Amino acid sequence: MSAPAFLVEHVAKRTTAPSTSERPHITLTWAQSLDMKIAGPGGARVTLSGPESMLMTHWLRTMHDAILIGVQTVIMDDPRLKIQQVPQDDPTLLPPQPLVLDPKLRMPPTARMLSEWMNNKAGNTTAAGPQLVRQPWIICGQDADDAKAKALEEAGARIVRVELHENGYISPTTFPTVLRDLGLRSVMIEGGSRVLSSFLHAPNRADGTPVVDSVVVTVAPMFIGEGISVVPPGADVGLPGLTFVHTETMGKDAVMVCTLAA
Ligand SMILES: NC(=O)c1ccc[n+]([C@@H]2O[C@H](COP(=O)([O-])OP(=O)(O)OC[C@H]3O[C@@H](n4cnc5c(N)ncnc54)[C@H](O)[C@@H]3O)[C@@H](O)[C@H]2O)c1
Ligand SMILES: Nc1nc(=O)c(N)c(NC[C@H](O)[C@H](O)[C@H](O)COP(=O)(O)O)[nH]1
């Protein structure tokens, strides 16, 4: 089994380009229903992706140095952010570095991604390749509570303090520099709604190019009705233009690859 050809062609070649060391590549990816929802009422997790597109998402993770989600996604979904669905006997496949955007350190110390890291470290396992377990890095504000930081570090996290935007968020505009300073050449941002919206509305980088390089969206043939939209209510104004790249049918789902129009 190998990575889907369309991902190799339209994503992997960009996330491993030589330029990414100085200009990290940012991919936004999510799964949505036909009525543009990414979760159910109150943020309840809904299975949108079929097995084929869920596997695709794990292949996509192997193509990025890091994977990023907002803290509310941790609270709601307790994700593992690993690559357990790709072939586990290929040592060249590595899971991405888990990153959590969490300005005020709301992340629960009981999060599964932390306990899995601690269990692996305690077991001194030499898990490599796809089974490698990476320490979660939590990106917070410079003045985030020290006691919360200590509790999360004791639970296994690395705390990365950064300057926050005046809105109290980690600024998408400065985020490529945060990535570069962390030695990360590419990141896939999996959500949730507020994080996706923040990056979709971000002003262009200093070099005039969009902050977001690639968008990979799984569209599932279902309606959710009441639920969490791709972007929060009201944030569907001023969304960027997209340039079509490719659409792939994967089982019941359609996976669309686009770039942001400069
Ligand atoms: N279907 C999918 O593909 C998918 C993927 C991920 C999450 N989800 C769903 O999304 C929901 C969570 O979305 P959400 O919007 O409530 O929370 P979120 O996961 O987007 O986290 C938002 C929090 O992240 C922090 N943050 C830091 N910098 C930020 C920035 N620049 N922009 C925005 N937030 C920033 C803030 O504390 C903010 O409260 C959950 O219900 C989850 O199930 C769905
Ligand atoms: N691609 C995708 N299809 C879905 O049907 C769905 N509900 C999500 N939701 C995102 C999910 O909540 C987390 O971001 C992780 O994808 C959790 O999965 P892991 O534990 O990391 O394997 N994502």
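Just follow the structure's listing: the first ligand is 1, and inside any ligand the first atom is 1. Residues take their numbers from the sequence shown, with the count starting at 1. All of these numbers come straight from a predicted model, not from anything done at the bench.
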Contact partition for Gln72 relative to ligand 1, non-hydrogen atoms under 4.0 Å: both

With sequence neighbours excluded, give me every side-chain hydrogen bond (donor to acceptor under 3.5 Å, both in side chains) pair touching residues 102-115. Gln72-Arg106

Can you find an N or O of Val195 that's nearer than 3.5 Å to an N or O of ligand 1? yes

Less than 3.5 Å between some nitrogen or oxygen of Ala31 and one of ligand 1, yes or no? yes

Would you say Lys252 has more than 12 foreign heavy atoms packed within less than 6.0 Å of its NZ? yes

For ligand 1, is Asp77 a contact, meaning one of its heavy atoms is under 4.0 Å away? yes

Atom 13 (O) of ligand 1: the protein heavy-atom neighbour that sits closest, reported with distance to 0.1 Å: Ser193 N, 3.2 Å

I'd like to know if the side chain of Arg185 reaches the main chain of His25, judged simply by a donor and an acceptor atom lying under 3.5 Å from each other, with no hydrogens or angles considered. no

Structural part of Leu196 in contact with ligand 1, heavy atom criterion under 4.0 angstrom: neither

Would a distance-only check, ignoring hydrogens and angles, find a side-chain to backbone donor-acceptor pair under 3.5 Å from Thr16 to Ala12? yes

Identity and distance of the protein heavy atom lying nearest atom 44 (C) of ligand 1: Ile38 O, 3.4 Å

Side chain to side chain contact (heavy atoms under 4.5 Å, CB included) against Thr173, all qualifying residues, sequence neighbours excluded: Ser171, Pro203

Check this for me - ligand 1, Ile170, N or O atoms closer than 3.5 angstrom, yes or no? yes

Main-chain N/O of Gln85 paired to His58 side chain as donor or acceptor, under 3.5 Å: yes

If you measure every N or O of Arg106 against every N or O of ligand 1, does any of those distances drop under 3.5 Å? yes

Distance alone, cut at 3.5 Å: any donor-acceptor contact between the side chains of Ser197 and His201? yes

Heavy-atom donor-acceptor pair, Asp145 side chain to Ala147 backbone, under 3.5 Å: yes

Closest non-hydrogen contact found for Phe199 with Val212 is O-CG2, 3.6 Å

Short version for Gln32: what comes under 4.0 Å of ligand 1, heavy atoms counted, is neither

Keeping the roles fixed (side chain from Thr15, backbone from His64), state whether a donor-acceptor pair exists under 3.5 Å. no

When you measure from atom 37 (O) of ligand 1 to every protein heavy atom, which one gives the shortest distance, and what is it? Pro103 CD, 3.4 Å

For the side chain of Arg205 and the backbone of Val211, is there at least one donor-acceptor N/O pair under 3.5 Å apart? yes

contact_flag Lys104 ligand 1 heavy-atom lt 4.0 Å: no

Can a donor-acceptor pair be found, under 3.5 Å and without considering hydrogens, that links the side chain of Gln135 to the backbone of Gly156? yes

In this structure, atom 29 (C) of ligand 1 is nearest to the protein heavy atom Tyr169 CG, 3.6 Å

Name the residues in contact with ligand 2, where contact means a heavy atom under 4.0 Å away: which are they? Ala31, Arg45, Val46, Thr47, Leu48, Ser49, Met54, Thr57, His58, Arg61, Asp77, Pro79, Arg80, Leu81, Gln84, Arg112, Glu190

Which segment of Ala39 sits under 4.0 Å of ligand 1 when only heavy atoms are counted: side chain

Does Gly43, backbone or side chain, put an N or O under 3.5 Å from an N or O of ligand 1? yes

Linking I/L/V/M/F/W/Y whenever any side-chain heavy atoms sit under 4.5 Å apart, do Leu239 and Ile189 land together? yes

Among protein heavy atoms, which lies nearest atom 11 (C) of ligand 1, and at what distance? Thr73 OG1, 4.3 Å

With no hydrogens and no angle check, is any side-chain donor or acceptor of Arg61 less than 3.5 Å from a backbone partner on Lys82? yes

Ignoring hydrogens and angles, write down the donor-acceptor pairs under 3.5 Å from the side chains of residues 217-235, residues two or more places apart or on other chains.
none

Quick one: does Trp30 get an N or O within less than 3.5 Å of an N or O on ligand 1? no

Using heavy-atom distances, let me know which of Glu190, His201, Arg194, His165 sits nearest atom 6 (C) of ligand 1. Glu190

Give the residue and atom name of whichever protein heavy atom lies nearest to atom 32 (N) of ligand 1, and the separation in Å to one decimal. Ser198 CB, 3.1 Å

